[in-house]
Amino acid sequence: MEEKIIGPRTSHEEFFKQKIDLRRPEFEGISEAVECGDIAKADKIFADAMRKNPQAEKLAEVWRNEVAACSDRLKDITVQRAKDAMEYKVIS
């Protein structure tokens with residue numbers, strides 16, 4: 001029987017170091033925060049940058065389409081994580 005994976009498959013550190021371009025000026029400070037283990041600060045910098053990004057709504061639409069293809073439980077988890085990120089809550 002195949003094990004179902006629910007929740008994030010990428011750690012915060014992996015996300016920040018491998019999935020986004022930390023050379024972009026709007027992400028200044030994320031690398032240092034991750035190196036110091038301050039994931040809450042890295043999350044806040046990232047969330048602030050996304051809120052200011054005019055493409056954020058377009059990106060959110062892509063995520064909505066991907067979530068639509070997920071199971072109900074995974075949808076709920078994904079939507080809650082996105083809401084938490086937009087409200088500056090620490091995501092783990």
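Computed from a predicted model, the values in this text were never measured in an experiment.
Note: Ile39 CD1 to Ile30 CD1 = 10.0 Å, rounded to the nearest 0.5 Å. With rounding to the nearest 0.5 Å, the separation of CZ in Phe16 from CD1 in Ile45 is 8.5 Å. Within the model, atoms NZ of Lys17 and CD of Glu35 stand 4.0 Å from one another, a figure rounded to the nearest 0.5 Å.
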Using distance only, find each side-chain donor-acceptor pair of residues 18-25 under 3.5 Å and give its atom names and separation, not counting sequence neighbours.
from	atom 1	to	atom 2	distance (Å)
Asp21	OD1	Arg23	N	3.0
Asp21	OD1	Arg23	NE	3.0
Asp21	OD2	Arg23	NH2	3.4
Arg24	NE	Glu26	OE2	2.7
Arg24	NH2	Glu26	OE2	2.4

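Residues Ala33 and Ala42 share a closest heavy-atom pair of CB-N, 3.8 Å.
More than 12 non-hydrogen atoms from other residues, nucleotides or ligands lie less than 6.0 angstrom from CD of Glu14.
Under 4.0 Å is where a charged nitrogen must lie from a carboxylate oxygen, and between Lys44 and Asp48 at least one such pair does.
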Criterion side-chain contact (heavy atoms from CB on, under 4.5 Å) on His12 and Asp43, from CA distance to verdict: CA-CA 9 Å; His12 283 91; Asp43 279 343; 3.4 Å; yes
